[in-house]
Amino acid sequence: MTGTTDFHQRVIGDAAAAVRGLTVALGERLGLYRALAEHGPLTPADLAARTGITARYAEEWLHAQLSAQYVERHPSAGTYTLPAAHAPVLADPAAVTYAAGFFTALKALYATEDLLVDAYRTGDGVGWAEHDAALDTGMGSFFEPTYQHKLIPDWLPALHGVTDKLKAGGTVADVGCGVGHTTLLIARAFPEATVHGFDYSEEAIAIARQLAEEAGLSDRVVFDTASADDYPGSGYDLVTFFNCLHDMGDPVAAAQHVHKSLDADGTWMLVESNVSPQDVEAGTPAAQMFMSLSAVMCLPVAVAQRGPHALGNHSGEKAFGAIAEEAGFTRWRRATETPVNAVYEVRP
């Protein structure tokens with residue numbers, strides 16, 4: 001146990017991090033980290049000139065980053081540098097470690113505070129559609145680097161026979177696809193496959209269609225608004241759920257629909273948080289993030305659907321396996337994992 005003074009300082013540190021998150025979002029949206037990575041060392045005036053902001057704001061933003069040791073200052077030259085080790089986290093969206101994009105979702109999360117106060121008191125939920133569209137893009141940005149680096153080379157090959165089916169022209173339903181990052185990755189990697197993306201957020205589907213157009217894949221990928229328990233089609237070789245089953249009010253109904261929509265030899269790839277109820281006190285950065293997200297986003301979204309379940313994102317493998325079994329699936333396997341995600345192969 002820590003003393004009051006130590007705990008007080010820790011909470012002040014958490015408060016600092018909470019406010020700093022907004023400065024990270026600004027750095028991402030304004031291209032400040034990228035400018036430092038590509039052109040640093042830079043003075044505040046240099047950074048301002050390269051990014052189209054004013055020098056006074058550039059200076060204040062740099063001071064905030066310096067206080068967090070995100071950047072380094074060279075006093076004699078009056079310049080600032082983004083350390084090479086920090087660039088893949090803050091400035092390179094293609095890096096597997098990229099995390100800055102997550103902070104752009106904060107405005108959507110913080111804006112629901114009043115709704116959450118009411119939800120906590122009444123037991124009602126806060127639906128996904130009640131959030132600003134920044135939640136779609138920010139959360140998509142957070143998960144995209146992992147998907148970009150793991151989905152095609154590691155996760156899909158870990159499933160028995162799936163890549164061979166997709167190469168031969170298999171059919172895929174990416175359910176809860178959000179803005180479509182995973183859907184487009186699969187379509188790009190398997191040009192013979194037929195790929196559908198479904199999500200109940202009309203805003204997310206609109207963004208997904210735009211991304212498909214920009215990627216030149218709109219002729220091979222179809223995005224439609226549909227929920228997990230009524231998306232169209234049958235005989236799919238692969239149905240994918242990426243970090244979304246725990247957000248559903250009736251995950252059993254969703255799993256039953258997957259079972260019905262799959263080919264007899266099809267595969268349900270379920271990707272979920274690699275945390276469990278036992279991790280509540282683990283204190284790892286990933287566990288801390290997931291527990292907080294569950295309290296302000298995942299659980300309220302599930303409750304808003306008024307189903308029989310409200311899992312939370314750390315319900316764990318045992319709970320997910322029980323849902324699959326209740327839905328009629330007979331084969332369950334943890335195919336692979338990362339520190340953040342567990343990938344399950346579920347078959348009829």
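Model, not experiment: these values are computed from the prediction. FYI, the numbering just counts along the sequence from 1.
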Contacts of type ring pair (Phe, Tyr, Trp, His ring centres under 6.0 Å), residue F320, not counting sequence neighbours: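 Listed in chain order: nothing, the list is empty.
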Given 3.5 Å as the limit, does a donor-acceptor pair link the side chain of [X] with the main chain of [Y], or not?
X	Y	answer
N341	V271	no
S292	Q288	yes
Q148	A94	no
E72	P83	no
T97	P88	yes
D229	H257	no
D199	G178	yes
H259	G328	yes
D164	G161	no
E28	F102	no

If two hydrophobic side chains count as joined below 4.5 Å and joins carry through other members, does [X] share a cluster with [Y]?
X	Y	answer
V301	L245	no
L156	L270	no
V89	V340	no
L22	V24	no
F143	L185	yes

Is it the case that more than 12 heavy atoms not belonging to [X] sit under 6.0 Å from its [atom1] atom?
X	atom1	value
R331	CZ	yes
E325	CD	no
H74	NE2	yes
R29	CZ	no
E202	CD	no
R334	CZ	yes
K150	NZ	no

Could you check K165 against D263 for salt bridge (charged side-chain N to carboxylate O under 4.0 Å, His left out), going step by step and ending with a plain yes or no? CA-CA 12 Å; K165 289 181 181 179; D263 179 76; 5.0 Å; no
For W332 and E317, run side-chain contact (heavy atoms from CB on, under 4.5 Å): C-alpha distance rounded to whole Å, both residues' side-chain angles, the deciding distance at 0.1 Å, then the answer. CA-CA 10 Å; W332 175 275; E317 180 172 356; 3.0 Å; yes
Quick check for you: to the nearest 0.5 Å, what is the distance between [X] atom [atom1] and [Y] atom [atom2]?
X	Y	atom1	atom2	result
D224	Y231	CG	OH	13.5 Å
H160	R347	NE2	CZ	8.0 Å
D250	I323	CG	CD1	9.0 Å
T194	D237	OG1	CG	9.5 Å
H314	M291	NE2	CE	5.0 Å
L238	L159	CG	CG	7.0 Å

Plane angle bin for F198 and H196 - parallel if under 30°, tilted between 30 and 60°, otherwise perpendicular: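 Taking F198 first and then H196, their aromatic rings lie parallel (interplane angle under 30°).
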Could you label the plane-to-plane angle of the Y80 and H63 rings as parallel, tilted or perpendicular, counting under 30° as parallel and over 60° as perpendicular?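 Because their plane-to-plane angle lies in the 30° to 60° range, the rings of Y80 and H63 count as tilted.
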Y236 and W268: CA distance, side-chain angles, deciding distance, ring pair (Phe, Tyr, Trp, His ring centres under 6.0 Å) verdict: CA-CA 9 Å; Y236 289 109; W268 180 21; over 10 Å; no
I want to check something: taking the side chain as every heavy atom from C-beta on, are [X] and [Y] in contact at a cut-off of under 4.5 Å?
X	Y	answer
V258	F241	yes
H131	V126	yes
L42	T79	no
L151	M269	yes
L62	L47	yes
V71	L82	yes
M248	Q305	yes
W155	T338	yes

Positive for side chain to side chain contact (heavy atoms under 4.5 Å, CB included) with P300, one of L116, T112, L115: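 When side chain to side chain contact (heavy atoms under 4.5 Å, CB included) is applied between P300 and each of L116, T112, L115, only L116 qualifies.
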Step-by-step side chain to side chain donor-acceptor pair (under 3.5 Å) determination, Y147 to N243: CA-CA 11 Å; Y147 298 155; N243 289 290; 2.8 Å; yes
One pair to check against side-chain contact (heavy atoms from CB on, under 4.5 Å): L311 and S294. What are the steps and the verdict? CA-CA 9 Å; L311 293 173; S294 201; over 6 Å; no
Full working for side-chain contact (heavy atoms from CB on, under 4.5 Å) between F290 and N274: CA-CA 10 Å; F290 280 123; N274 197 7; over 6 Å; no
Exercise: do D174 and T182 side chains pair donor with acceptor under 3.5 Å: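 Judged by distance alone, the side chains do pair up.
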Does the side chain of T23 pick up a donor-acceptor pair with the side chain of Q65 at under 3.5 Å?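 Note: T23 and Q65 side chains meet the donor-acceptor criterion.
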E60/R56 under salt bridge (charged side-chain N to carboxylate O under 4.0 Å, His left out): CA gap, chis, key distance, verdict: CA-CA 6 Å; E60 206 73 357; R56 183 66 186 88; 2.7 Å; yes
